[in-house]
S.K.: 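Let me give you the structure first, and then I'll get to my questions.
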Amino acid sequence: MNEKLKNFFERLMSDPDFRDMFASTKTAYEGYTMAMPYIEGVSFDEFKEGLTYIHNKVSYRKKLLNNELSNISGGTNIFSDVLFLLSQYKGNLFD
């Protein structure tokens with residue numbers, strides 16, 4: 001994964017205010033647009049691949065939290081799943 005993108009996702013995990021600002025976006029493309037100043041040189045496709053990587057890396061947590069996710073948002077998509085899981089994840093996603 002691109003180092004800038006990795007740093008961006010790590011910041012999302014560790015900085016609740018930054019995560020809240022990012023979470024205010026509604027789609028992956030809006031999230032990418034908001035993230036652009038922090039991930040200069042990262043393409044939208046790389047950004048989507050990063051979201052998919054995180055989603056897959058923590059998919060076991062998604063299964064455990066699926067009912068909770070549905071209750072919070074009335075259903076989910078990969079973008080909202082990733083944002084929620086980043087806010088909950090305590091491990092290192094990038095090992």
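Computed over heavy atoms, backbone and side chain alike; hydrogens, waters and symmetry mates excluded. This one's a predicted model, so the numbers in the text were calculated from it and none came from an experiment.
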S.K.: Is it true that a side-chain atom of Tyr38 and a backbone atom of Asn7 form a donor plus acceptor pair closer than 3.5 Å?
M.R.: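 The answer is no, because no donor-acceptor pair under 3.5 Å joins these two groups.
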S.K.: Are Phe8 and Phe18 close enough that their ring centres sit under 6.0 Å apart?
M.R.: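 Yes, they do, as the ring centres are separated by less than 6.0 Å.
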S.K.: Could you check, using the six-membered ring where one of them is a Trp, whether Phe9 and Tyr53 have ring centers closer than 6.0 angstrom?
M.R.: no
S.K.: Restricting to non-hydrogen atoms, name the atom on Met13 and the atom on Arg19 that form the minimum distance, rounded to 0.1 Å.
M.R.: O-NH1, 3.1 Å
S.K.: Measure the spacing between OG1 of Thr52 and CG of Asp45 and express it to the nearest 0.5 Å.
M.R.: 10.5 Å
S.K.: Where is the tightest heavy-atom contact between Phe22 and Gly31, given as atom of each residue plus distance?
M.R.: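 In terms of heavy atoms, the two residues are closest at CE1-O, 3.1 Å.
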S.K.: Search all heavy atoms of Lys4 against all heavy atoms of Val42 and return the closest pair with its distance.
M.R.: CB-CG2, 4.4 Å
S.K.: Should the pair Tyr32 and Tyr29 be assigned to parallel (<30°), tilted (30 to 60°) or perpendicular (>60°) ring geometry?
M.R.: tilted
S.K.: Output the distance between atom NZ (Lys6) and atom CD1 (Ile39), rounded to the nearest 0.5 Å.
M.R.: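 That separation rounds to 15.5 Å.
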S.K.: Is the count of non-hydrogen atoms from other residues, nucleotides or ligands lying under 6.0 Å from Met36 atom CE greater than 12?
M.R.: no
S.K.: Looking only at heavy atoms, what is the nearest atom pair of Glu46 and Asn2, with distance?
M.R.: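 Taking every non-hydrogen atom into account, OE2-ND2, 4.4 Å.
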S.K.: Is a side-chain N or O of Lys48 found less than 3.5 angstrom from the main chain of Ala28, in a donor-acceptor match?
M.R.: no
